[in-house]
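All values below were derived from every heavy atom in this structure, side-chain atoms included, with hydrogens, water molecules and symmetry-related copies excluded. Within every chain, numbering begins at 1; the chains are lettered A, B, ... in the order of the sequence lines, protein sequences first and strands thereafter. Computed from a prediction, not measured in an experiment: that's the story for all the values here.
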2 protein chains.
Amino acid sequence: MTTTAAPTSLRRRAGNGTTRRNEADEIGLDALVGHAGYAVRRFQIWIFQDFIKTLGEVDIRPTQYSVLTVIGANPGLSQMAVAKRLGIERARLVHLLDSLEGRKLVKRIKSKSDRRSHALHLTAQGETALAKFKRLAAEHERHVEEKIGKANRERLLQILAGFT
Amino acid sequence: MTTTAAPTSLRRRAGNGTTRRNEADEIGLDALVGHAGYAVRRFQIWIFQDFIKTLGEVDIRPTQYSVLTVIGANPGLSQMAVAKRLGIERARLVHLLDSLEGRKLVKRIKSKSDRRSHALHLTAQGETALAKFKRLAAEHERHVEEKIGKANRERLLQILAGFT
DNA sequence: GAAGATTGTTGTTGACGACAACAATTGGCT
DNA sequence: AGCCAATTGTTGTCGTCAACAACAATCTTC
């Protein structure tokens, strides 16, 4: 073994010519910092990841949760109505419902008044499951509070209330 | 505040399958209204669509804009550094740069100090183009102001500053 | 010099938004 | 009554995006 004499371990790369930043982020964002969209995008990624993780044990993603919630609060809605209300493509909702119906959380009932459409309902199993999902979602919401502060979360909801 | 853990919103319209709402959206969202993630998701969709539309004439999407901005403000960065700073997968950045380089806005220069990495720079054409993009992006930002209000936009940026 | 880490790259998977097309059905209009 | 337009659910395609996995070339470290 060579008796190494190099004790330093300074973490600089130095020497070279190419902008080798110390390490971390002294990298400027320039115009980006003034853009709401950028901040919102980063925040949304964070919030979704936390949601997915917090509801991981029940394997429910944000979109699934929103569908279940709306159906639970408005039994009998058509797929069209749910899609429109949530801003989801009705084509996409088909797959979402296929999945949820496969898990026995939701059932499609043929409407008698309009034989084209389906009336959406939670199954009994779906009701109790949704109750649990809501508890976990509330836990996720507390994570958000911890992250940005209780007052800020309230303010955020208020500012964006128009988009719900 | 998410009151108690018993969000019993009784509006059971059950019975048959046909709960034919008048027309529009008197459809309740129930628990969803208390979730920051839902509002943020809807807002983000809106804001991205406006960005894409406003920068449509130059065919620049939000992610491309963020990449150009960061490279413009920090010439010589490696792909790894840019990816890390923007929270993009480095695999994804490859395609983004392929596109931007194909449009002669960015160039990858082989680093001499580390022959694995590329130093990223804007081309002359990229510089002038970015200036235009920034003007259009500012216009988009004004749309955001019109939508949620000037003060609210500021507050939003402040609340989410930690995620940039 | 060998072992391990990093960088750029390619490829795959899955969620998601946007569209287009289609059959079945309903509603409007004459 | 009959016909045409619109609606509903469905299937399919395309492009964006995040998350991984694997790989060759190259650095770092011992």
Side-chain angles (χ1 to χ4, degrees), chain A residues 1-16 18 20 23 41-42 44-53 55-56 59-67 77-84 86-101 108-120, chain B residues 17-18 20 23 41-42 44-49 51-53 56 59-67 77-84 86-99 101 108-120:
Chain A
M1 306 344 157
T2 61
T3 56
T4 64
T8 109
S9 80
L10 239 183
R11 123 207 295 346
R12 46 193 299 263
R13 320 250 105 276
N16 64 31
T18 24
R20 211 6 167 231
E23 270 296 305
R41 167 178 162 259
R42 298 297 299 259
Q44 207 239 331
I45 290 173
W46 181 89
I47 215 171
F48 264 52
Q49 281 174 343
D50 185 86
F51 187 100
I52 292 169
K53 195 169 126 204
L55 296 234
D59 191 28
I60 287 290
R61 315 192 91 257
T63 313
Q64 296 176 312
Y65 178 74
S66 70
V67 170
L77 282 185
S78 69
Q79 297 185 194
M80 202 47 207
V82 171
K84 203 174 293 179
L86 289 176
I88 299 175
E89 290 268 330
R90 67 187 199 280
R92 166 129 189 72
L93 187 59
V94 172
H95 301 298
L96 284 168
L97 288 175
D98 285 349
S99 161
L100 293 175
E101 203 172 25
R108 291 187 246 224
I109 299 179
K110 283 194 167 67
S111 168
K112 289 188 180 67
S113 57
D114 185 342
R115 308 219 314 268
R116 293 170 301 181
S117 70
H118 295 155
L120 301 174
Chain B
T18 323
R20 216 0 162 228
E23 271 291 315
R41 167 177 162 261
R42 297 297 297 259
Q44 207 239 336
I45 291 174
W46 181 89
I47 214 169
F48 264 52
Q49 280 173 344
F51 187 100
I52 293 169
K53 195 169 126 203
D59 192 27
I60 286 291
R61 316 191 87 255
T63 313
Q64 296 176 313
Y65 178 75
S66 70
V67 171
L77 283 186
S78 69
Q79 298 186 191
M80 202 48 207
V82 171
K84 203 174 293 180
L86 289 176
I88 300 175
E89 290 267 330
R90 67 186 200 279
R92 166 136 186 68
L93 187 59
V94 172
H95 301 298
L96 284 168
L97 289 174
D98 285 350
S99 161
E101 201 171 27
R108 291 187 244 222
I109 299 179
K110 284 197 158 77
S111 168
K112 289 188 181 67
S113 56
D114 185 341
R115 307 217 319 267
R116 292 170 302 179
S117 70
H118 294 155
L120 301 174

A:K110 atom NZ is separated from C:dA24 atom P, nearest whole Å, by 13 Å
Checking D:dT10, C:dG17, D:dT8 against the side chain of A:E89 (C-beta onward), the nearest is C:dG17
How is A:L93 classified with respect to the nucleic acid when contacts are heavy atoms under 4.0 Å: base, sugar-phosphate, or nothing? nothing
Among the nucleotides D:dT11, C:dT10, C:dT26, whichever has the atom closest to the side chain of A:D98 is D:dT11
Next item on the list: Give one of base, sugar-phosphate or nothing for B:Q49, where a contact means two heavy atoms less than 4.0 Å apart.
Entry: sugar-phosphate
Regarding B:R92, tell me which of base, sugar-phosphate or nothing describes its non-hydrogen contacts under 4.0 Å with the strands shown. sugar-phosphate
Under 4.0 Å from OP1 or OP2 of D:dT10: is there any side-chain N or O of A:Q79 that close?
yes
Atom CZ of A:F48 and atom C1' of D:dC17 are separated, to the nearest Å, by 13 Å
Looking only at N and O atoms, is any donor in the side chain of A:R116 or the base of C:dT26 less than 3.5 Å from an acceptor on the other one?
no
Counting only side-chain nitrogens and oxygens, does A:R61 get under 4.0 Å of the OP1 or OP2 atom of C:dG14? no
*Side-chain N or O of B:R108 less than 4.0 angstrom from OP1 or OP2 on C:dT9?*
yes
Does D:dT26 have its OP1 or OP2 closer than 4.0 Å to a side-chain nitrogen or oxygen of B:R115?
yes
Checklist entry - Should B:S117 be listed as having a side-chain N or O under 4.0 Å from OP1 or OP2 of D:dT26? => result no
Atom CZ of A:F51 and atom P of C:dC16 are separated, to the nearest Å, by 11 Å
B:R90 CZ to D:dC20 C1', in whole Å, measures 10 Å
